[in-house]
S.K.: 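First the structure, then my questions, so here it is.
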Amino acid sequence: MMIQLSGIMGIPLLKKSRYTGSDGPLRFVLEKRSTEGEENSLAAVFWMGEACSDATPQEDKTEKLFPFTEKGLLEAQAWLNEQLEGGVSGDRKRNTETVD
């Protein structure tokens, strides 16, 4: 299986709302992040399991920030698929990274 976002959603949708999805045990959220004085970022957050985002503790989630562009969206999709292919374990520590 593979996460494929093309044709489903894009940056215009993410300007207005967040996008949630899943593939097997991997759950994810894509959303715009705004920081005062900085450009918007695209946050990709994933976790493993059956629970929704609100029911999953923050420490069980992994987040990575990408540029808020179509290219950044493709990079986020590739990163999520890497997590899926790598068989991410549920005991992974939360981390946050930024991609320029």
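One-based numbering along the sequence shown.
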S.K.: Taking all non-hydrogen atoms of both residues, which atom of L14 and which atom of L73 are closest, and how far apart?
M.R.: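 That would be CD1-CD1, 4.1 Å.
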
S.K.: Evaluate L30 against L80 for side-chain contact (heavy atoms from CB on, under 4.5 Å), listing each step before the verdict.
M.R.: CA-CA 10 Å; L30 296 170; L80 289 169; 4.2 Å; yes

S.K.: List for me each residue that meets side chain to side chain contact (heavy atoms under 4.5 Å, CB included) alongside S53, sequence neighbours excluded, and say none if there are none.
M.R.: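 Side chain to side chain contact (heavy atoms under 4.5 Å, CB included) list for S53, sorted by chain: R18, V29, W47, K61.
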
S.K.: Can you check whether T56's main-chain N or O pairs, donor with acceptor, with D60's side chain at less than 3.5 Å?
M.R.: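 No; judged by distance alone, with no hydrogens or angles, the pair does not exist.
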
S.K.: If I compare all heavy atoms of F68 with all of I11, which pair ends up nearest, and what's the gap?
M.R.: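 F68 and I11 have their closest heavy atoms at CE2-CG2, 3.7 Å.
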
S.K.: Grab the two heavy atoms, one from S22 and one from R27, that are nearest each other, plus how far apart they are.
M.R.: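 Looking at all heavy atoms of both residues, the shortest contact is CB-NH1, 3.3 Å.
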
S.K.: Rounded to the nearest 0.5 Å, how far does NZ of K64 lie from CD of E82?
M.R.: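 Here the rounded value is 7.0 Å.
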
S.K.: For S34, which residues count as a side chain to side chain contact (heavy atoms under 4.5 Å, CB included) partner, sequence neighbours excluded?
M.R.: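 For S34 the side chain to side chain contact (heavy atoms under 4.5 Å, CB included) partners, ignoring immediate neighbours, are K32, N40.
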
S.K.: Do P25 and E50 have side-chain heavy atoms sitting under 4.5 Å apart?
M.R.: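 They are not in contact (no side-chain heavy atoms under 4.5 Å apart), so the answer is no.
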
S.K.: Can you get from M48 to F28 by hopping between Ile, Leu, Val, Met, Phe, Trp and Tyr side chains that sit under 4.5 Å apart?
M.R.: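 Yes, because M48 and F28 connect within a single hydrophobic cluster, where side-chain heavy atoms sit under 4.5 Å apart.
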
S.K.: If we check side-chain contact (heavy atoms from CB on, under 4.5 Å) with W79, which of these qualifies: L84, I3, T62?
M.R.: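 Of all the options given, the one that passes is T62.
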
S.K.: Is any side-chain heavy atom of Y19 closer than 4.5 Å to one of L13?
M.R.: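 In contact.
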
S.K.: Can you measure from CZ (F46) to CD (Q83) and round to the nearest 0.5 angstrom?
M.R.: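 Rounded to the nearest 0.5 Å, the CZ-CD separation comes out at 4.0 Å.
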
S.K.: Does a salt bridge link R33 with E63, judged by any charged N lying under 4.0 Å from a carboxylate O?
M.R.: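 Yes.
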
S.K.: What distance separates L65 CG from E38 CD, expressed to the nearest 0.5 Å?
M.R.: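 Going from the CG atom of L65 to the CD atom of E38 covers 9.5 Å.
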
S.K.: Check F66 against A44 and note the closest heavy-atom contact, atom names and distance.
M.R.: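 Here F66 and A44 meet closest at CE1-CB, 3.9 Å.
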
